[in-house]
Amino acid sequence: MTSAGKENSVDFIREIVERDIREGKHGGRVHTRFPPEPNGYLHIGHAKAFCIDFGIAEEYGGLYNLRFDDTNPVKENIEYVDSIIKDIKWLGFDWEDRLYYASDYFERMYAYAEQLIEKGAAYVCDLPADEVREYRGTLTEPGRNSPWRNRSVKENLDLFQRMKSGEFPDGTRTLRAKIDMASPNMNMRDPAIYRILKKSHHRTGDRWCIYPMYDYAHCLEDSIEEITHSCCSIEFEDHRPLYDWFLDQLDIFHPQQIEFARLNLTYTIMSKRKLAMLVENGLVSGWDDPRMPTLSGLRRRGYTPEAIRDFIGRIGVAKRDSTVDMALLEYCIRDDLNKRAPRFMAVLDPLKVTIENYPAGKHEELEFINNPEDESAGTRMVPFSRELYIERDDFQEEPHRKFRRLAPGKEVRLRYAYLITCVDFVKDENGNVKELICRYDPETRGGSTPDGRKVKGTLHWVSAEHAVPAEVRLYDRLFTVENPLASGSFTDTINAESLKVLSRCRIEPSAADLAIGEPVQFERKGYFCKDPDSTEEKLVFNRTISLRDTWKKILKNQN
RNA sequence: UGGGGCGUCGUCAAAUGGUUAAGACACAGGGUUUUGGUCCCUGCAUUGGGGGUUCGAAUCCUCCCGCCCCAGCCA
């Protein structure tokens, strides 16, 4: 509770690691791993996991491996392998030459299984899946021993070898650990450790037709790589006795499994299966849809690795179930981008303004500060002329009493340009304002007021003849409720307005040749980046996140 | 209901029996400001509940309540 105490406070995993180092366990060595199954795209929940795994190794001078847990060829493929590598690298981690695959260990795993059989700790079971289920018992009733439980070592060895050589069809036999069918822990009721799967594997092809199960494979992978601290999520807590059992039976290097809570975020979902459903049903454009909590989606949206890492650091690590407020993630990206994103002018919903006392045909270049938070970002020149566009909602015919922007007879500042006063406006046949007539004060070039008069409102603008057209995509939360899984089908609460496409936007000329994905701020509107959908003819920008909007809050609090 | 885990501000999350229970986000109010942004200031919990141990309890004991996970030949 002292200030020193606060600074030294670390999460419970780091506490374990620090104690192990202090006590010289494994010679003070720290070696972690992140073991994704290549069966889908990574989301921000995975980022929490590998930031913990890799972050701990980095912090304590250890090493970390990336290991694909590819023990189920039915669900895995190379496309996922590639995307996972890309996403983790994007977050800034480098596992050097320590990229491994569980499938590289199949031979050794098979040999270990033979050892288990030899010592009577595993047997070939001929029960079909539904009977295994019956024999397993229930949460409250113990299971019964399989009739095949007491085969001889010789017969087991023979049968297991024949399973491997493809003699038996899928599902007809399994190799099972011989533990305790009456264990209160369901995981210990003779779990399957090998199943027959005549399916070719993305790395081992058709070399194998039996594949190891997670509980058996995972501890061996960790052991083979001499991982010291094997972190995983909380649902594996009651698999730990099994993890330990295999390693003890085999008497091999024994890592420590440590479990922590998964990440949940408000207004989104983190289940790979459900995210896949959104993709398959066309509810989003793909795994990298900017509304998705996937790393590829966040990247396309304009989130930076720095912001995501900052977020992961802020949410902490513990064991209790929790749901982090999306507002924290939004805070992190704003905070990062505020410091580094160069500012540009973009009018999303244009309203024409004519400066009647500004000469037609004239134009001048005005100096703009690129980033008020970063002097080294320098300045740029922006063209100004008689006809401009401003944001439609920066004008009110009958202004709200706290409205600081343009209205008939009112004066505002055009950012870094001039002070202008609205003298008239023109409506179309439907009664909508279609043009403002204003006068400018030539003494106020750059937006300063030599006479010292104060102007409350400052508007962004673009020169009509110089501005470049663009499409801007505004994103909102994917779901309308904090917890989409709380009731009924999660698709019921999908936010129908999570994507809004504005096709008539105008951006200042210098923003046209931004690189794809490069973060910028469109002044007063938020942070944006150019989308890969952009072409020579058509610019497309994604809004990463809006600026905090106090004005909107004022209006909301009034109602 | 068997087993395993977890309950501290609206949301995350510190605290390791010892002064007024950190901090961040959110929220509310105020100041500065050529972005209604940023920045700055202020406010904002006696720890799921009851008993007990102790000079002293979020921390220890006990009973209760609530939430999560487990009955794949998925991971």
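Every chain is numbered from 1, with letters handed out A, B, ... down the list of sequences. These values consider heavy atoms only, across backbone and side chains, with no hydrogens, waters or symmetry-generated copies.
The distance between the ring centers of A:F522 and A:F528 falls below 6.0 angstrom.
For the pair A:T550 and B:G37, the criterion of a side-chain N or O lying under 4.0 Å from OP1 or OP2 is met. In terms of phosphate contacts, A:T71 brings a side-chain nitrogen or oxygen within less than 4.0 Å of OP1 or OP2 of B:A75. The side chain of A:K553 places an N or O atom within less than 4.0 Å of a non-bridging phosphate oxygen (OP1 or OP2) of B:C27. A sub-4.0 Å separation between OP1 or OP2 of B:C39 and a side-chain N or O of A:R334 is absent. Dashed line: the shortest gap from a side-chain N or O of A:Y331 to OP1 or OP2 of B:C25 is under 4.0 Å. Considering only side-chain N and O atoms, A:N187 lies nowhere under 4.0 angstrom from the phosphate OP1 or OP2 of B:G3. Between B:G23 and A:R314, no contact under 4.0 Å exists linking OP1 or OP2 to a side-chain N or O. Note on A:R195: a side-chain N or O is less than 4.0 Å away from OP1 or OP2 of B:C74.
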Filtered N/O pairs between nucleotides 6-9 of chain B and protein, under 3.5 Å:
none

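In B:G72 the O4'-C1'-N dihedral to the base is within 90° of 0, which defines a syn nucleotide.
In this structure, A:M163 and A:L175 approach most closely via the heavy-atom pair CE-N, 3.9 Å.
Ring pair A:F106/A:Y211 is perpendicular by interplanar angle, where above 60° counts as perpendicular and below 30° as parallel. The aromatic rings of A:Y100 and A:Y105 lie tilted to each other, with the angle between the two planes from 30° to 60°. Using a 30° and 60° split on the angle between ring planes, A:F403 and A:W551 fall in the tilted class, from 30° to 60°.
Heavy-atom nearest nucleotides on RNA chain B were determined for A:E373 and for A:V317, and the one closer to the 5' end corresponds to A:V317.
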Taking Watson-Crick and G-U wobble pairs with both distances under 3.5 Å, convert RNA chain B into its dot-bracket string, 5' to 3', dots for unpaired and | for cross-strand pairs. .((((((..(((.....[....))).(((((.......)))))....(((((..]....))))))))))).....
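Nucleic acid contact for A:T140: base, since at least one base atom lies under 4.0 Å from a heavy atom of the residue. Across all strands shown, A:R133 has heavy atoms under 4.0 Å from sugar-phosphate atoms exclusively, and none from any base. A:H239 comes within contact range of at least one nucleobase, with a heavy-atom separation under 4.0 Å.
In this structure, A:R380 is positioned above the aromatic face of A:F344, its NZ or CZ under 6.0 Å from the six-membered ring centre and within 45° of the axis.
Residues in residues 168-183 of chain A take part in these salt bridge (Lys or Arg N to Asp or Glu O under 4.0 Å) pairs, two or more places apart or across chains: A:D126-A:R173.
When the P atom is used for both B:C70 and B:A58, the distance is 35 Å, rounded to whole Å.
Residue A:K198 qualifies as enclosed at atom NZ: its count of foreign heavy atoms under 6.0 Å is above 12.
With rounding to whole Å, A:L329 atom CG is found 12 Å from B:A26 atom P.
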Walk me through whether A:Y135 and A:D190 qualify under side-chain hydrogen bond (donor to acceptor under 3.5 Å, both in side chains). CA-CA 10 Å; A:Y135 273 80; A:D190 288 12; over 6 Å; no
